[in-house]
Amino acid sequence: MKEEIFQLLFAQAREMGEETGQTNLLNPTVETKLYHRDGNLDSLGLVTFIAGVEEKISDKFGVDILIVDEKAMSQVSSPFISVQSLADYVEKLLQNESGE
Amino acid sequence: MSWIFDKFNSHPGLPAIICNHKVYTYHDLNNRVEWYLLFLKDHGIQPGNVVGLLSEFTFEATALLLALAKSCNIAVPLDPGNITDLDETIRQAQIDHLVRFREEIPEFLNIAPGSDKHPLIRTLQQEKKAGLILFSSGTTGKPKVMLHDLTRLIDNYQNTRVKSTNSLILLGFDHIGGLDSLFRLLSICATITLPHSRQPADICQLIEDHKVNVLPTTPTFLNLLIISEAYKQYDLSSLEIIGFGAEAISAALLKKIKVIFPAVRLQQKFGTSETNAIRIFNNAGDEQFFRINDPNVQYKIVDNELWLKSSNNILGYLNMETDQFENGWFKTGDLVESRGEYMKVMGRKKEVINVGGEKVLPSIVEEVLLQHPDILDCKVYGMENLLTGQVVAADVVISPATDMDNFKPRIKKYCREKLLAFQVPVKINIVEEITLSSRNKKVRSNL
């Protein structure tokens with residue numbers, strides 16, 4: 001599942017790179033920074049990025065998850081720092097979803 | 001107000017109202033008003049009583065409304081389709097008696113005659129004037145209950161010349177826009193066509209059958225008319241004027257209407273429930289812009305919001321403080337862009353989306369979306385978001401020919417080229433149709 005999540009985040013990053021012209025997002029890796037002091041997204045970019053990811057997850061896994069909520073905001077380490085951290089967080093959400 | 005009945009008497013043979021395919025003349029209307037005056041008397045309804053009128057917009061309801069005006073009652077027109085809780089409505093409007101219709105036959109119901117009345121109602125009663133109580137559409141929160149001086153409102157249409165024209169009234173019997181059209185048309189002894197449904201095809205059929213000349217409508221209805229393509233199946237060549245109002249219109253829609261109806265004059269209307277219709281002058285060429293041209297009205301623009309002071313302002317609200325009024329000025333809640341003395345309605349103040357402190361007007365985003373060939377209709381609104389407070393969301397109706405591959409990213413990219421980053425819809429939902437309010441407006445209540 002993790003690999004699928006990575007692919008999905010990469011696709012979203014490339015899409016946004018094409019949309020916004022940010023070259024850093026065109027060839028994403030697990031290390032690519034998202035919302036961070038040297039990240040590639042501003043708050044609005046992050047919102048757009050997350051909305052795209054939620055949509056892709058819905059298409060791919062058939063579940064609707066809400067990534068940005070109080071829980072995400074209160075994590076000790078922000079899940080939005082990089083592709084890696086976001087993938088970890090999304091995986092956890094999906095596991096919770098299927099465990100219920 | 002007796003002048004209006006004298007006018008009916010002087011033009012007895014002219015067709016007044018077409019309703020359910022029956023044509024009633026001004027003679028018929030006057031007779032029916034007299035009949036209702038007896039009906040009111042027979043049921044012990046006294047001048048000054050508050051009378052609810054539960055009916056669709058029909059010939060019968062019009063005659064009863066005029067009778068209530070003539071006998072100095074306070075009328076409360078209630079459209080059954082817009083009422084969810086009749087008991088609460090009766091309480092809010094302080095109704096004494098209710099008249100409802102079964103198959104066009106009036107039924108009288110005694111509610112709570114003589115109950116304590118709001119001071120504004122008591123003043124009207126003392127002055128022996130007719131009143132009108134209207135409810136705001138109340139898409140958000142509690143509807144406002146507004147009291148108008150009906151005698152003054154009708155008298156405003158005096159000194160108008162008789163004109164032979166046939167107008168279809170699309171707005172409701174409980175809507176100031178519908179009532180403004182009604183009194184204005186009656187005062188010139190014109191013909192009024194009342195629809196039994198608001199489906200585009202039914203409206204087109206009526207225009208064809210009765211050779212309607214004037215169609216006052218809303219941008220939302222015009223959009224439905226285009227999407228349904230109903231205009232292609234009927235002969236609408238009698239149409240001379242299409243009026244539009246009640247919400248902001250997009251340039252894209254205006255352009256489409258001009259292509260479909262090249263010979264028709266487009267006329268913007270403007271008004272609010274609190275001020276009644278305002279006479280305006282359209283800008284030739286760009287009908288989105290107009291200037292206020294009404295001897296009874298003063299205006300000013302404060303922080304892009306239009307403020308109006310009119311001799312037709314409502315007397316007040318029955319269920320709340322008049323906080324939308326300041327020293328006689330009514331704050332319309334309409335945001336306008338001004339160009340010299342001309343202005344254009346941009347949208348409602350409460351519909352503004354706040355994206356991390358940046359303000360977004362839905363109409364600006366809708367305008368861009370509607371220019372995209374794949375998008376037939378759309379509605380833009382705010383969606384709550386923890387990161388930025390709100391984000392822009394859009395519901396879109398797409399053309400059947402749309403290539404679905406990568407559709408949403410393509411639309412976002414297209415928007416990004418034409419809009420600022422915070423204006424670009426973060427969420428795009430493809431929907432079958434756009435939900436409308438009972439008054440044929442888009443409901444943009446923020447989620």
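So you know, we letter chains A, B, ... as the sequences are listed, proteins then strands, and number each from 1. Computed from heavy atoms alone, side chains included, the values below leave out hydrogens, waters and symmetry copies. This one's a predicted model, so the numbers in the text were calculated from it and none came from an experiment.
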Q) If you look at every heavy atom in B:Thr388 and A:Ser43, which pair is closest and at what distance? A) CG2-OG, 3.9 Å
Q | Contacting region of A:Glu55 [heavy-atom separation from chain B under 4.5 Å] | A | side chain
Q) Is B:Asp303 atom CG crowded by more than 12 heavy atoms from other residues, nucleotides or ligands, each under 6.0 Å away? A) no
Q.
Is it the case that over 12 heavy atoms from other parts of the model lie below 6.0 angstrom from the OH atom of A:Tyr35?
A. no
Q.
Can you confirm whether more than 12 heavy atoms, excluding those of A:Lys60, are under 6.0 Å from its NZ atom?
A. no
Q: Count the heavy atoms of every other residue, nucleotide or ligand shown that sit under 6.0 Å from NZ of B:Lys418, and state whether that count exceeds 12.
A: no
Q | Value rounded to 0.5 Å, distance of CE in A:Met16 from CZ in B:Arg416 | A | 5.5 Å
Q. Quick one: does B:Val424's side chain get under 4.5 Å of A:Thr48's, heavy atoms only?
A. no
Q: Step through the shown structure and confirm whether more than 12 heavy atoms of other residues, nucleotides or ligands are within 6.0 Å of NZ on B:Lys256.
A: yes
Q) Pick from B:Glu358, B:Arg410, B:Lys413: which one has the most heavy-atom pairs with chain A under 4.5 Å? A) B:Lys413
